[in-house]
Amino acid sequence: MPGQISVTVRLFASMKEAAGTDHIELSLTSGTPAGAVWGHLPDAVQELGLPKATRYAINRQWTLPGAVLRDGDEVALILPVSGG
Amino acid sequence: MPGQISVTVRLFASMKEAAGTDHIELSLTSGTPAGAVWGHLPDAVQELGLPKATRYAINRQWTLPGAVLRDGDEVALILPVSGG
Amino acid sequence: MRALTSDPLDPGAALAAVGAPEHGGAAMFVGTTRREADRREVTIIEYEAHADLARQEIDRICGEARSRHGAAVFAQHRLGSVGIGEPSVVVAASAPHRPEAFQACRYLIDEIKRRVPIWKRIHYADGGCEWIDGTTRRPAGRPVRTS
Amino acid sequence: MRALTSDPLDPGAALAAVGAPEHGGAAMFVGTTRREADRREVTIIEYEAHADLARQEIDRICGEARSRHGAAVFAQHRLGSVGIGEPSVVVAASAPHRPEAFQACRYLIDEIKRRVPIWKRIHYADGGCEWIDGTTRRPAGRPVRTS
């Protein structure tokens, strides 16, 4: 479809659990920024709420929520971390 | 001898080396404080100088240089330390 | 150095990795799983990572500690299930003098906890479990049943 | 815990000694002999103590770290000849949270170095050696020949 892009969204921790999968393929309007991916995720994921401190990575590099996605991108939503 | 006490002075590090022994027996006038022991040590030890930060212990307990020695005491001169 | 591993961590290997005869000492921090969280008994803790990004970020933090403090550094985080009292993270830093070794060591663990995409899921003795990732909105004390 | 020993130190034993399932982490510092001192190559370092007083003082410092920081602590210093790169002192502290573990660990090593009656004698590759005890008054760079 013209003006559409395909992206892979990688999910971790409680988002992965809520989605029942560690990645979701989305078809989005060209020009969609990383920070808008959330609104396209399944309801079960959106019910968790989006923590303010969520960060984003495109193709395994940190990015900002305003970064525009391109066709074939892998975008990761990085919830507030708790390692250590 | 009346008015005299016997004390054992324990020596460490360069004082022990200069004296060639790790302890010296001294006969001192009753009333001598720990801090005055230095003046009764062999010349070879006194030549090292007495570092300002030297501390004193009597019978394996910390004490102050003004503490008066009693007959039979073991007094230790604790030069500035360098452990670790 | 493998920054992430599913094997038990070896603090001795961390110390050996930063040992250098020009250095006067090494500081190390070993993070271990605690028996209690939120006043509930914990059985195991599970760690998950965005592995590629986590490795990159640990490497970057190590580089920062090296250049800021002139230290030799080591950092490793465990993934998967970790039993109570077992190490989940080990960091070490050596330097010519101890203030720098301590500073570099503290920098490593603080930045790893703050920045690296690793999350823990606490499994409780009462059967509940929860991810610690900022989404937890349950009322205090109510177990989250996930199965 | 033996506060003083002539045997090689074991950092793993130090960590094990402070491990507690209520604690979230342990900080450790391992002091090692350096290859160079005063720009001269070092071969070995010899440590001597007023043993009774040193043990007492290490015990006292451990007690202070425990009560100030709520930490479980360990401290051990080696005596006798120590080769380059080998540990001469190991301290460790664990606490429920890492700031206290780091503070207690730093307190242990700082106070041990400041207060405990232990002295080192550096043996140099050029044949000289010297006690580090505040008495050294030789001109800079001149080896002190002691034999």
If you count heavy-atom pairs under 4.5 Å between each of [options] and chain D, which one has the most?
| options | value |
| --- | --- |
| C:G19, C:A101, C:P99 | C:P99 |
| C:G85, C:P87, C:G24, C:A27 | C:G24 |
| C:P96, C:A26, C:G31 | C:A26 |

Check every N and O of chain D against chain C and note each donor-acceptor pair under 3.5 Å, with its distance.
| residue | atom | partner | partner atom | Å |
| --- | --- | --- | --- | --- |
| D:P21 | O | C:R35 | N | 2.7 |
| D:H23 | O | C:T32 | OG1 | 3.3 |
| D:G24 | O | C:T32 | N | 3.0 |
| D:A26 | N | C:V30 | O | 2.8 |
| D:A26 | O | C:V30 | N | 2.8 |
| D:M28 | N | C:M28 | O | 2.8 |
| D:M28 | O | C:M28 | N | 2.8 |
| D:V30 | N | C:A26 | O | 2.8 |
| D:V30 | O | C:A26 | N | 2.8 |
| D:T32 | N | C:G24 | O | 3.0 |
| D:T32 | OG1 | C:H23 | O | 3.3 |
| D:R35 | N | C:P21 | O | 2.8 |
| D:R98 | NE | C:D110 | OD1 | 2.9 |
| D:R98 | NH2 | C:D110 | OD1 | 3.0 |
| D:D110 | OD1 | C:R98 | NE | 2.9 |
| D:D110 | OD1 | C:R98 | NH2 | 2.9 |

Check: Given D:C105 and C:F29, is the side-chain contact (heavy atoms from CB on, under 4.5 Å) satisfied, shown in steps?
Finding: CA-CA 10 Å; D:C105 184; C:F29 181 81; over 6 Å; no
Check: Listed by chain and number, what are the ring-ring contact (aromatic ring centres under 6.0 Å, His included) partners of D:F74, not counting sequence neighbours?
Finding: none
